[in-house]
Amino acid sequence: MKNIMLVFGTRPEAIKMCPLVIELRGRKEANVCVCVTGQHKSMLKQVLDAFSIKPDYDLSIMKEKQTLFDITVSIINEIRVVLEKERPDVVLVHGDTSTAFACALACFYMQIPVGHVEAGLRTYDIYSPFPEEFNRQAIGIIATYHFAPTEKARENLKNEGKQPSTIFVTGNTGIDALKTTVRGDYSHELLKWASGSRLILLTSHRRENLGEPMRQIFRAVKRITKTHPDVKVIYPVHLNPLVREIAGSVFEGEERIRLIEPLDVIDFHNFLARATIILTDSGGIQEEAPSLGKPVLVLRKSTERPEGVESGALMLVGIEEERIYDCVSNLLEDRELYARMSSAGNPYGDGKASRRIADIILGKN
Ligand code: UD1
Ligand code: UDP
């Protein structure tokens, strides 16, 4: 019997770790413990409810407008107690959040092996995304197992000198989640509001975009609705009050732009499946949209998901109003470009990543 602890704390980690929790809980050789840090509160609960997962521990560390110091210090202190009590054989963390970094560091201090799910993504620009690029590189130093979603991620890890025998290409568990959520018969009031129009689904929350870059992004989107009367925009606004202030001020009074509360993951995936274009600075959405055949314009200076850019499903458009406006207009007007981007395919996995990771941890591969 292997004692396996999974630790996560934000919405995207939860979406990508819940399929693994379910897979491991179905294995008789695994004794599974789920610890959530509560770095996110309601956005985390939405995911746990959608997957019907009850955590064994909830550190409940979230504060309004929390700083990186708040998150890191609280988690390191609180998780120590849980690790001392449970003494897991291995701890699984995901991706690049402060939850994942602080938990990996605590494990390192206690010499508990760490498995890194979604390992090897890199921009090699430590400030973009911030602080995530640092977090994932740091976790990479600590981890015993590196579960890389793609060959490119494996190459990054190999080039950094990780032992090839510790790196496993598994696909991304986010695609596992997506396979369970999208339904042909899905309907929603807001999709009825958007029917007959071309729907742009927008999300933006990155720390490095807060302030002027986010204002520029939103102004570009507003201009698009002025020049394209058949376009409507739905924007589920992240609960970060700094994001909400900017979104509220730029979009106030715009009839064809709906600012809504964060959607639960089942709703969001079905909205993705029905949108015309996705505009986002999110990481996970860059992986999900291509498997639904939706073009993504990435609102960032760099991306750690170059596979989608190379395949043609993603276009890196940056954070300047003029360029974003031009790229969205172009994609709305150029049918060939639209057809190319939406048929580029999905390089991020086949929906079986959790199974592979469970096999590796339990020594069955
Ligand atoms: C975090 C991750 C980021 C990830 C994002 C996913 C870090 C450093 N950043 O950023 O990598 O892309 O989550 O969304 O780990 N809030 C609520 N309720 C919630 C969630 C958030 O009120 O359920 C508000 C709080 O005021 C909180 C703020 O949002 O202080 C920001 O949350 P935080 O986790 O610090 O940063 P994110 O930008 O969400
Ligand atoms: N998502 C969601 N509801 C929303 C917006 C996004 O469930 O209203 C999901 C989305 O499908 C993806 C994940 O949240 O799986 C992405 O999270 P986010 O953009 O917050 O973080 P990132 O991926 O950038 O770390």
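This is a predicted model, so every value here is computed, not measured. We count ligands from 1, going down the list as the structure has it; atoms in each ligand are counted the same way. What you see below is based on every heavy atom in this structure, not just the backbone, and it leaves out hydrogens, waters and symmetry mates.
Dense packing is recorded around CD of E84, with more than 12 heavy atoms of other residues, nucleotides or ligands lying under 6.0 Å away.
Among protein heavy atoms, atom 19 (O) of ligand 2 sits closest to S282 OG, 2.8 Å. Distance from atom 3 (N) of ligand 2 to its nearest protein heavy atom, with residue and atom name: L263 O, 2.8 Å. For atom 20 (O) of ligand 2, the nearest non-hydrogen atom of the protein is R11 NH2, 2.8 Å. Among protein heavy atoms, atom 35 (O) of ligand 1 sits closest to Q66 NE2, 3.0 Å. In this structure, the protein non-hydrogen atom closest to atom 24 (O) of ligand 2 is G283 N, 2.7 Å. Nearest non-hydrogen protein atom to atom 9 (C) of ligand 2 is I15 CD1, 3.5 Å. Regarding atom 29 (O) of ligand 1, its nearest protein heavy-atom neighbour is N240 CA, 3.2 Å. Here the protein heavy atom with the shortest distance to atom 7 (C) of ligand 1 is Q39 NE2, 3.4 Å. For atom 15 (O) of ligand 2, the closest heavy atom belonging to the protein is E288 OE2, 2.4 Å. Scanning all protein heavy atoms for the shortest distance to atom 22 (O) of ligand 1 gives M62 CE, 3.4 Å. When hydrogens are left out, the protein atom nearest atom 25 (O) of ligand 2 is P12 CG, 3.3 Å; that is the closest non-hydrogen contact. Regarding atom 23 (O) of ligand 2, its nearest protein heavy-atom neighbour is G284 N, 2.7 Å.
Every N/O-N/O distance between T97 and ligand 1 stays at or above 3.5 Å.
Proximity of F251 to T225: side-chain heavy atoms (C-beta onward) are nowhere separated by under 4.5 Å. By the 4.5 Å heavy-atom criterion applied to side chains, L332 and V231 are counted as neighbours. Considering only heavy atoms from C-beta on, T173 stays 4.5 Å or farther from E118 through its side chain. You'll find the side chain of L202 stays beyond 4.5 Å of the side chain of I234, heavy atoms only.
The aromatic ring centres of H188 and F271 sit less than 6.0 Å apart. For an aromatic pair to be called close, the ring centres must be under 6.0 Å apart, and F134 with F101 satisfies this.
Near L68, meaning under 4.0 Å from one of its heavy atoms, ligand 1 places the atoms 8 (C). Listed by number with element, the atoms of ligand 1 under 4.0 angstrom from any heavy atom of R207 are 8 (C), 35 (O), 36 (O). Remark: ligand 1 atoms within the under-4.0 Å shell around heavy atoms of P241 are 26 (O). Close approach to P236 involves these atoms of ligand 2, each under 4.0 Å from a residue heavy atom: 8 (O). Within ligand 1, the atoms closer than 4.0 Å to a non-hydrogen atom of E132 are 2 (C), 3 (C), 9 (N), 11 (O), numbered from 1 in the order shown. For ligand 2, the atoms lying closer than 4.0 Å to a non-hydrogen atom of P262 are 8 (O). Under a 4.0 Å criterion applied to the non-hydrogen atoms of P131, ligand 1 contributes the atoms 8 (C). Those atoms of ligand 1 that come under 4.0 Å of a heavy atom in S42, given as number and element, are 23 (O). Those atoms of ligand 1 with a heavy atom of K65 less than 4.0 angstrom away are 26 (O), 30 (O). Of all atoms in ligand 1, listed by their number and element, those nearer than 4.0 Å to a heavy atom of I71 are 35 (O).
The option with the heavy atom closest to atom 7 (O) of ligand 2, from among I234, V265, D96, is V265. Atom 18 (P) of ligand 2 has its nearest heavy-atom neighbour, among Q286, R300, H269, H205, in H205. Residue K41 holds the heavy atom nearest to atom 19 (C) of ligand 1 of all those in K41, Q46, E13.
Distance check: S204 OG to L279 CG gives 10.0 Å after rounding to the nearest 0.5 Å. Here SG of C103 is found 6.0 Å from CG of L83. Values are rounded to the nearest 0.5 Å.
Using a cut-off of 4.0 Å between Lys/Arg side-chain N and Asp/Glu carboxylate O, K226 and E254 are scored as salt-bridged. Using a cutoff of 4.0 Å between basic side-chain nitrogens and carboxylate oxygens, E307 and K152 are not scored as salt-bridged. We find that K65 and E245 are joined by a salt bridge, their nearest charged nitrogen and carboxylate oxygen being less than 4.0 Å apart.
If you run salt bridge (charged side-chain N to carboxylate O under 4.0 Å, His left out) between E132 and each of R300, R206, R122, only R206 comes through.
Taking the centre and axis of the six-membered ring of F130, the NZ or CZ atom of R207 falls outside the cone set by 45° and 6.0 Å.
With sequence neighbours left out, E255 forms a side-chain contact (heavy atoms from CB on, under 4.5 Å) with no residue at all. A search for side-chain contact (heavy atoms from CB on, under 4.5 Å) contacts involving Q111 returns nothing, not counting sequence neighbours.
Proximity of R206 to ligand 2, defined as any heavy-atom pair under 4.0 Å, is confined to the side chain (atoms from C-beta onward).
Contact annotation: K45 has no heavy atom less than 4.0 Å from any atom of ligand 1.
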